[in-house]
Undergrad: 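I'd like to ask some things about the structure below.
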Amino acid sequence: MSHVAYELGTQPACWERAAALAPERRAALPQPGERTAIVGCGTSYYMAQAAAALREESGAGETDAFPASEFPRHRRYDRVVALTRSGTTTEVLDLLAGLRDAGVPTTAVIGDPATPVITLADELVVLDFADERSVVQTRFATTALTLLRAHVGLHSPSVVADGRAALTEPLPAELETRGQFTFLGRGWSVGLANEAALKMREASLAWAESYPAMEYRHGPISVSAPGTVTWSLGDTPEGLADQVRGTGAQWVAGHLDPLAELVRVHRLAVAVAAHQGLDPDAPRNLTRSVILTTGEEAVR
């Protein structure tokens with residue numbers, strides 16, 4: 001079994017631990033009414049998108065999400081939360097250092113505490129039980145999101161139950177033979193759709209894209225055709241399923257909590273990789289942490 005296949009299977013248990021941890025670490029996380037930004041890179045950025053939407057949905061306060069490299073330093077925030085599995089990513093460390101110098105309170109949600117991030121963030125929330133050996137992130141990302149979701153009161157045991165169902169339910173027939181996937185979301189699940197497409201690209205080299213569900217009808221539906229798959233994570237706009245089926249594409253309607261639907265996509269990515277004869281633990285051109293040096297990208 002690959003590392004990623006094992007780790008994706010441990011997600012529901014990690015979510016339970018994160019939800020239990022949230023009240024203990026309440027003081028380190030954004031307080032009600034604080035103007036907050038959540039940042040990350042790659043998968044962590046997409047989790048930041050989902051977490052920001054959930055926080056605003058809960059009424060806890062204005063919340064933005066940015067890639068760490070694109071954070072608008074001219075804006076004023078009461079707190080910035082950085083999601084970083086490795087704690088070594090160049091853009092995150094650079095941003096935290098700049099925010100420290102500017103006096104902006106910061107919190108880092110991390111997988112490995114023995115990293116440089118511990119000297120740069122004001123507060124740390126350590127999810128070492130969700131850290132990973134794999135390059136392709138699954139459980140750390142969804143566990144960090146669960147922590148933030150529980151912090152604003154939008155997590156429940158039913159999410160964990162759905163996560164366990166996502167690990168055992170058969171995937172729709174013949175998806176592993178497809179090479180083109182579109183993922184759709186609404187509200188907080190737009191970030192999850194973005195992450196679903198990224199997982200398919202990383203693990204299986206599949207052609208994958210993502211959109212807010214209503215935006216999909218404004219042009220992107222033109223790529224749907226027989227042999228392609230359109231998968232909705234979360235609520236589906238009325239009439240959209242019929243429009244997709246009318247193109248000849250295969251329609252997959254998410255019926256579980258959107259986070260659990262993402263687990264189903266994790267399983268699909270591994271299945272497509274196996275069908276293609278690929279090793280999901282050795283994704284092309286990727287490393288566990290991206291560390292930039294002058295003139296080149298180094299890996300560690």
Side-chain angles (χ1 to χ4, degrees), residues 7 14 18 21 25 27-31 34-52 55 63-148 151 191 194-195 198-199 202 283 285-300:
E7 289 162 355
C14 288
L21 180 64
R25 304 298 289 130
L29 296 169
Q31 301 303 297
E34 284 188 337
R35 189 177 191 226
T36 299
I38 309 175
V39 301
C41 298
T43 289
S44 292
Y45 167 52
Y46 297 138
M47 296 299 102
Q49 289 181 325
R55 186 169 186 266
T63 315
D64 296 318
F66 301 102
S69 60
E70 299 298 322
F71 181 81
R73 301 195 185 209
H74 62 281
R75 292 193 188 178
R76 297 296 92 193
Y77 288 96
D78 299 314
R79 179 169 300 276
V80 174
V81 177
L83 308 182
T84 172
R85 176 180 66 169
S86 70
T88 58
T89 303
T90 299
E91 302 98 299
V92 173
L93 298 183
D94 287 349
L95 176 59
L96 288 174
L99 294 172
R100 177 192 58 190
D101 293 343
V104 179
T106 58
T107 297
V109 179
I110 61 175
D112 182 359
T115 55
V117 74
I118 66 172
T119 66
L120 297 174
D122 298 311
E123 300 279 358
L124 297 176
V125 180
V126 179
L127 305 177
D128 51 356
F129 57 87
D131 201 4
E132 298 162 314
R133 294 182 62 183
S134 59
V135 173
V136 175
Q137 279 200 60
T138 56
R139 73 180 182 190
F140 174 78
T142 60
T143 301
L145 177 56
T146 298
L147 173 84
L148 297 175
H151 178 62
N194 292 338
E195 169 59 9
L198 178 63
K199 280 288 118 13
E202 288 179 331
N285 302 327
L286 297 178
T287 57
R288 188 176 183 277
S289 176
V290 177
I291 302 172
L292 304 179
T293 59
T294 303
E296 65 178 3
E297 183 177 297
V299 299
R300 183 164 74 191

Undergrad: Please enumerate all residues that pass salt bridge (charged side-chain N to carboxylate O under 4.0 Å, His left out) together with Arg100, with sequence neighbours excluded.
TA: none
Undergrad: Taking side chain to side chain donor-acceptor pair (under 3.5 Å) as the definition, give me every residue that meets it alongside Thr146, ordered by chain and number, with sequence neighbours left out.
TA: none
Undergrad: Is it true that a side-chain atom of Arg76 and a backbone atom of Arg73 form a donor plus acceptor pair closer than 3.5 Å?
TA: yes
Undergrad: Using side chain to side chain donor-acceptor pair (under 3.5 Å) as the criterion, list what pairs up with Thr107, not counting sequence neighbours.
TA: Arg79
Undergrad: Considering residues at least two apart in sequence or located in another chain, which fulfil the salt bridge (charged side-chain N to carboxylate O under 4.0 Å, His left out) criterion with Glu123?
TA: none
Undergrad: Please name all residues satisfying side-chain contact (heavy atoms from CB on, under 4.5 Å) with Thr106, sequence neighbours left out, ordered by chain then number.
TA: Val80, Leu96, Leu99, Ala121, Asp122
Undergrad: Using side chain to side chain donor-acceptor pair (under 3.5 Å) as the criterion, list what pairs up with Thr63, not counting sequence neighbours.
TA: Arg55
Undergrad: Decide side-chain contact (heavy atoms from CB on, under 4.5 Å) for Gln31 and Thr36; before the verdict, give the C-alpha distance in whole Å, the side-chain angles of both, and the deciding distance to 0.1 Å.
TA: CA-CA 9 Å; Gln31 301 303 297; Thr36 299; over 6 Å; no
Undergrad: Show every ring pair (Phe, Tyr, Trp, His ring centres under 6.0 Å) that has at least one partner inside residues 74-120, sequence neighbours left out.
TA: Phe71-Tyr77
Undergrad: Any sub-3.5 Å donor-acceptor pair from Glu132's side-chain atoms to Arg139's backbone N or O?
TA: yes
Undergrad: Output every pair passing side chain to side chain donor-acceptor pair (under 3.5 Å) with a member in residues 40-51, not counting sequence neighbours, ordered by first then second residue.
TA: Thr43-Glu195, Thr43-Lys199, Tyr45-Gln49, Gln49-Asn194
Undergrad: So Val92 and Val39, side-chain contact (heavy atoms from CB on, under 4.5 Å) or not? Walk me through it.
TA: CA-CA 8 Å; Val92 173; Val39 301; 5.6 Å; no
Undergrad: Just grab all the salt bridge (charged side-chain N to carboxylate O under 4.0 Å, His left out) pairs involving residues 35-45, residues at least two apart or on different chains.
TA: Arg35-Glu62
Undergrad: Sequence neighbours left out, what passes salt bridge (charged side-chain N to carboxylate O under 4.0 Å, His left out) with Arg25? Give chain and number order.
TA: none
Undergrad: So, do Asp131 and Arg85 sit near enough that their side-chain heavy atoms are less than 4.5 Å apart?
TA: yes
